[in-house]
Amino acid sequence: MRPLNPILSFLTLLTASCSVWNPDYVQDPDEALRELTTSAVEAGEDAAATEQLQFAVEAIATRHPNHVASQVVAASIAMERGQQQRAQGFVERALDLDARNVEARCLRVRIAVQDGSLDLARKLVEDGLRLRPDASRLYESAAWIDQLDERHDDALRALDAAAALDAPAWRIAFHRGLIEELRGEYDLAESHYRAAWKANPSCREARERLAGLQARR
């Protein structure tokens, strides 16, 4: 993990240098977001860095309320920090601006599921697919909802559609493993988890599910 200095240095530069020399200067939100993303990668998973990143991204989203990307990033950070209501405010703003935005819609689906509103989550996906029938992420979301609703065959069909639209093979394999495990098809589940792990060695969840099934035997 890298130290916090890179992101703090950037934030100091962002808030100080421009304002001192030109109080009317407003940085382009896309450029500001790119620089923040670079600083966040350098800072790693440090909790203080994440808090600083959230503050900076939300400042961009507030200053540029019609900038969709900053609303989505702000929502995503809030979700990862467990701030669901905060995330919902940003993501609904993003969807008001651009109903076709797939990332925003998938985040809103996650919020609906966490609220226990599977019907709302399903409607969000269906509405999204009418607007973006090419969006593999929405088919993955549909599969997730079907899985939670124990509609396993429907979930597998949704994953087939996502795979046809070039969704990451490791993610599709992992989700297929989850479904087959729920159906009691443990041999199939193991093969899917193994495929997911092979395609993406950093997929810790696939390795853990595979180890759990093997231990159960």
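A quick note: this is a predicted structure, and the numbers were derived from the prediction, not measured. Along the sequence shown, residues carry numbers from 1.
Here the shortest heavy-atom pairing between Ala195 and Ala173 reads CB-CB, 4.2 Å. For the residue pair Pro65 and Thr62, the shortest heavy atom distance occurs at CD-O, 3.5 Å. Between Ala75 and Leu107 the shortest heavy-atom distance is CB-CD1, 4.0 Å. The shortest heavy-atom contact between Ser70 and Ile60 is CB-CG2, 3.9 Å. Shown here for Ala135 and Leu129, the closest heavy-atom pair between the two residues is O-CD2, 4.2 Å. Considering every non-hydrogen atom in both Ala74 and Val57, the closest pair reads N-CG1, 3.6 Å.
Met79 and Val113 are assigned to two separate hydrophobic clusters, defined by single-linkage of ILVMFWY side chains at heavy-atom distances under 4.5 Å. Hydrophobic clustering places Phe174 together with Tyr186 (ILVMFWY residues linked when any side-chain heavy atoms are closer than 4.5 Å, directly or through intermediates). When the side chains of ILVMFWY residues are joined at heavy-atom separations under 4.5 Å, either directly or via intervening members, Ile145 and Leu131 end up in two distinct hydrophobic clusters. Cluster membership for Leu95 and Ile77, using ILVMFWY side-chain heavy atoms within less than 4.5 angstrom, is not shared.
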Show the numbers, then the answer: is there a side chain to side chain contact (heavy atoms under 4.5 Å, CB included) between Arg171 and Arg137? CA-CA 11 Å; Arg171 206 160 62 206; Arg137 288 290 303 277; 3.2 Å; yes

If you apply the rule side chain to side chain contact (heavy atoms under 4.5 Å, CB included), what do you find for Gln114 with Ile111, and how did you get there? CA-CA 5 Å; Gln114 289 186 10; Ile111 293 170; 5.8 Å; no

Determine, stepwise, if the pair Trp144 / His175 fulfils side chain to side chain contact (heavy atoms under 4.5 Å, CB included). CA-CA 8 Å; Trp144 179 39; His175 288 154; over 6 Å; no

Would you please test Asn66 and Arg93 for side chain to side chain donor-acceptor pair (under 3.5 Å) and show each step? CA-CA 8 Å; Asn66 294 325; Arg93 172 68 178 169; 2.7 Å; yes

Run Gln83 and Gln54 through side chain to side chain donor-acceptor pair (under 3.5 Å) and show every step you take. CA-CA 11 Å; Gln83 301 167 354; Gln54 181 177 22; 2.6 Å; yes

Could you walk me through whether Gln88 and Gln84 pass the side chain to side chain donor-acceptor pair (under 3.5 Å) check? CA-CA 6 Å; Gln88 185 171 336; Gln84 186 169 311; 5.2 Å; no

Step by step, work out the salt bridge (charged side-chain N to carboxylate O under 4.0 Å, His left out) result for Glu80 and Arg110. CA-CA 11 Å; Glu80 294 309 314; Arg110 281 179 58 190; 3.4 Å; yes

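Here the side chains of Leu120 and Arg108 are in contact, with some heavy-atom distance below 4.5 Å. With contacts defined as side-chain heavy-atom distances shorter than 4.5 Å, the pair Arg207/Leu210 does not qualify. Glu126 is not listed as a side-chain neighbour of Leu138, based on a closest heavy-atom distance of 4.5 Å or more. Counting heavy atoms from C-beta outward, Arg216 and Leu213 have side chains that approach closer than 4.5 Å. Looking at Phe90 and Val73, their side chains never come closer than 4.5 Å, going by heavy atoms from C-beta outward. With a 4.5 Å cut-off on side-chain heavy atoms, Asn101 and Gln71 do not count as touching. Put simply, the side chain of Arg183 reaches to within 4.5 Å of the side chain of Leu156, judged on heavy atoms. Annotation: side chain of Tyr139 is not in contact with side chain of Leu159 (no heavy-atom distance under 4.5 Å).
Among residues two or more places apart in sequence or in another chain, the salt bridge (Lys or Arg N to Asp or Glu O under 4.0 Å) test is passed with Glu51 by none. Every residue meeting the salt bridge (Lys or Arg N to Asp or Glu O under 4.0 Å) condition with Asp154, not counting sequence neighbours, appears here in chain and number order: Arg151, Arg157.
No salt bridge links Glu140 with Arg105; every basic N to acidic carboxylate O contact stays at or beyond 4.0 Å. By the 4.0 Å N-to-carboxylate-O rule, Glu190 lies too far from Arg209 to be salt-bridged with it. A salt bridge is absent between Arg100 and Asp98; no separation between the charged side-chain nitrogens and carboxylate oxygens falls under 4.0 Å. Between Arg130 and Asp127 a salt bridge is recorded (basic side-chain N to carboxylate O distance below 4.0 Å).
Looking at Ser117 and Asp115, their side chains never bring a donor and an acceptor atom within 3.5 Å of each other.
For Asp30, the CG atom sits in a packed shell: over 12 heavy atoms of surrounding residues, nucleotides or ligands are nearer than 6.0 Å.
Ser76 contributes no side-chain N or O that, together with a main-chain N or O of Val72, makes up a donor-acceptor pair within less than 3.5 Å. In this structure a side-chain-to-backbone donor-acceptor pair under 3.5 Å is present from Ser191 to Leu188.
Under the side chain to side chain donor-acceptor pair (under 3.5 Å) rule, Tyr193 has a single partner from Glu208, Gln214, Glu181, Glu180, which is Glu181.
Note that SG of Cys106 and CG of Leu124 are 10.0 Å apart. Values are rounded to the nearest 0.5 Å. Rounding to the nearest 0.5 Å gives a distance of 9.0 Å between CH2 of Trp197 and CZ of Arg194.
Sorted by first and then second residue, the side-chain hydrogen bond (donor to acceptor under 3.5 Å, both in side chains) pairs with a member in residues 159-170 read Asp160-Arg176; sequence neighbours excluded.
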